[in-house]
Amino acid sequence: MKRLKIFLSLALALTLVLPVYGDPTAATQEEQPPQLVDEASIEAVIDAMTLREKAALLVGGNKEVLEETDNEIIGDQATKVPGAAGQTQGIPRLGIPSIVMADGPMGVRISPTREEDEHTYHATQFPLPISIGASWDTELVNEMGNTISDEMRAYGIDLLLAPGLNTQSYLLNGRNHEYFSEDPVLTGKMTSAFTDGVQENGVGVTLKHLAAYNQRADNNVDSIVSQRALREIYLKGFEMAVKDADPWAVMDSYNKINGTWATEHQALLTDVLRDDWGFNGIAMTDWEFGARNVAKQMEAGTNLLMPGRPEQVDAIVDAVNSGTLDEAILDRNVEEMLRIIVQTPTFKGETVSNNPDLNRNAKVSRQAAADGMVLLKNEGNALPIDPDVSVSVFGTPQIEPMFGGRGSSLNFPAEQVGIVEGLDNAGFQLNKDLYEKYETYVEELRATDEYKQTPGNFFVSTFPTLPEMDVTEEAVTAAENTDAAIIVLASEFGSYGNDRSKEDFYLSDSKQQMIEHVSAAYRAQGKPVIAILNVEGPLEVVSWRDKVDAIVVGWQPGQEFGHALADVITGAVNPSGKLPLTWPVDYSDLPYADRYPGDGELVYEEDIYVGYRYNTTFDVTPAYAFGYGLSYTDFNYSHVRTTRNGQFKDKITIFTTIENTGDTVGREVVQVYVSKPDGKLEKPELELAAFGKTKELRPNQRENLKFELQAKDIASFDEELSAWVLEQGTYEVKVGSSSTDIKGTVAFTVKQDTIVEEVNDVLAPQVDIDRLSKGN
Ligand code: BGC
């Protein structure tokens, strides 16, 4: 069996790899070089590698020069699987195959078609990660990861360039939608569950982007962050996932961290990632096309330069020959690469079906989309509505729904179900006249120069936002003739290569007018108005929310948008999503409002006070708090308690009972926050330490939940000691249905200051940061 596998992997490597490094005919029959057959063979293979072969393995093996076209999709450089983001260099002489990697956070991206090939190569489009974050459902994200891994295997992808898990600390970051949350614990647990789901199927994930990559406008920004904020906020999700789920790879971010490029950052990639956390995989660069110093990258612990240029191979060889780079560093990096390569399906010679079960996977996408939708408002139980009522849909996104998928989360599903199609399939009687008016309106605007769509492009927006149609008259007729109004509001969206602008946080005047007219007309008839937010992040809501009866955050939920939305508004699925980030009242409420984005450098002055940590500590009321979301039923929390009579020893277990006290089946996200005592270190008002989601509870049904908090889960980072510490004092565990709706509290004491874990004293900022503090 093993022999057959070796043969297959050799054959595959020989046929598919371009260009060939090393001369396969050079070895005489007597001198067959060692072959990579398993982990045990790695040492001998490295001994047999030439310097050039080592360098080649550490540089992506892609098209030599990028074609400069308008349609260039960055991350489209692979030759083995068309449209995949990249591949490594194979070395057939030694039995080392070229492995393939593909984006991204919403599912596999490869080209859906191939030249002279009738077959199609679509992949399922899942919801945006921000919407997955809103589900707080680790089982779901695990299943989603597992489903994506089936498609990876079907298409010959070894490594997924996802999940993205940067912190949503800055509201306008143009890439927030690719990440899960503003909170590291929610992020870390979702990432671990996703990673397990992918990797249990024998393919790998790439956690990205390490680290403190929080603005897009200037990818090369220097992120200046305190050690404490790094450890507690920006690195913690990565730390949790590395320790819990053993990811195959991480991707270094483009930016600098405290003066050093992430990809050249030895403290980050070796001292923290490997020494402190025990990472066993490979670190690759983001798609930086040779912009950095290869010797420094190699030394720092970056194993793989992506997407790879021949000059980088030369530069590595030159660095070793000139004595600026020790070949032993290459050996280390090569060994780590080979340890991952031997685990891949490509190495094992597995055949690809090119035929994933897209029908089955669409169901997972639909369930995930519905699970992440958040009900923000439901006055007078406006929702759910029966599908046999008549509805009028307002807003141009009904014609052009935003399914998601810009930048690295772009992918090519076989089908997408829009809002109107989904409602129609669910049986709603739709106002066809109004729909047709919108169709014509959008078509006419898109024919103008101002609003024409630019060709599909990785960086540039393909859909300049449209002004809304004047519906002064249409609203009155619609309100007379239909039972309910649905208004679809999309975010203003910028380009992938940029951040959102402050203006994008607010609804445009034409959208405000549409709401005004629809609201007045329907209220005059005593009929409900439901707003659907087709957004990639928070919007200003306070100025208009009183004019509607219900608000559902649909996010950009992937290919099953229409079906999932119909599931939620009809009550086929009772909404159970909760906000994974704070929705502020106004942009000016944010502590960094005047400082973002940075120009050359971004100083993280708000420090550990990110998102709800800021709002709850400094008494700033948000429009909707972190963790908030309504349901069609009610839940009662009782018996919030702990076993350990108020004393903390190594760990503490918290219990609570949740009962569905309403009359509809539903699920509840239960959140466990900790308020820590101020000591030498000041602490935020509260911090998420654990969470859980109930199963579907029938009316009157109860579920007992149990949460175990280890010392590390409630520790804080002390920069002076370079350690996670538990400071003495009284800790309060607050169990709630959001960060501002606490249902029960238990307290325990820690008798003396305790060092929980010492770590390398690295990553200090090069300048003083004027840190936000309770004292100033
Ligand atoms: C993005 C990564 C992505 C890569 C490959 C880069 O521009 O930052 O997230 O995985 O391209 O497509």
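This is a predicted model, so every value here is computed, not measured. Along the sequence shown, residues are numbered consecutively beginning with 1. Atom set for the values below is all heavy atoms of this structure, side chains included, hydrogens, waters and symmetry mates excluded. Counting starts at 1 for both ligands and their atoms, following the listed order.
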Worksheet item: Under 3.5 Å, is there a donor-acceptor pair linking the side chains of Gln297 and Asp252?
Response: no

Practice prompt. Would you mind telling me if ligand 1 is within reach of the side chain of Arg175, the backbone, both or neither, using heavy atoms under 4.0 Å?
Written response: side chain

Worksheet item: Taking it one step at a time, do Asn220 and Trp261 satisfy side chain to side chain contact (heavy atoms under 4.5 Å, CB included)?
Response: CA-CA 8 Å; Asn220 294 332; Trp261 296 114; 3.8 Å; yes

Fill in: Glu178 N/O under 3.5 Å from ligand 1 N/O
no

Discussion item. Please compare Asp103, Leu160, Leu161 and report which has the shortest non-hydrogen distance to atom 3 (C) of ligand 1.
Written reply: Asp103

Discussion item. With heavy-atom distances below 4.5 Å as the criterion, would you say the side chains of Tyr604 and Ile233 are in contact?
Written reply: no

Discussion item. Within the supplied structure, the quantity of interest is the number of heavy atoms (other residues, nucleotides, ligands) at a distance under 6.0 Å from Glu200 CD; does it exceed 12?
Written reply: yes

Fill in: Under 4.0 Å to a heavy atom of Arg109 - the qualifying atoms of ligand 1, by number
12 (O)

Worksheet item: Taking the side chain as C-beta and beyond, is there a heavy-atom pair between Leu304 and Leu58 under 4.5 Å?
Response: no

Worksheet item: With atoms numbered from 1 as shown, which atoms in ligand 1 lie under 4.0 angstrom from a non-hydrogen atom of Tyr254?
Response: 6 (C), 7 (O), 8 (O)

Item to complete: Give the numbers and elements of all ligand 1 atoms closer than 4.0 Å to a heavy atom of Lys208.
Response: 2 (C), 3 (C), 9 (O), 10 (O)

Response to the item:
Here the atoms of ligand 1 under 4.0 Å from any heavy atom belonging to His209 are 2 (C), 8 (O), 9 (O)

Worksheet item: Going by heavy atoms in the side chains, are Tyr179 and Tyr213 under 4.5 Å from each other?
Response: yes

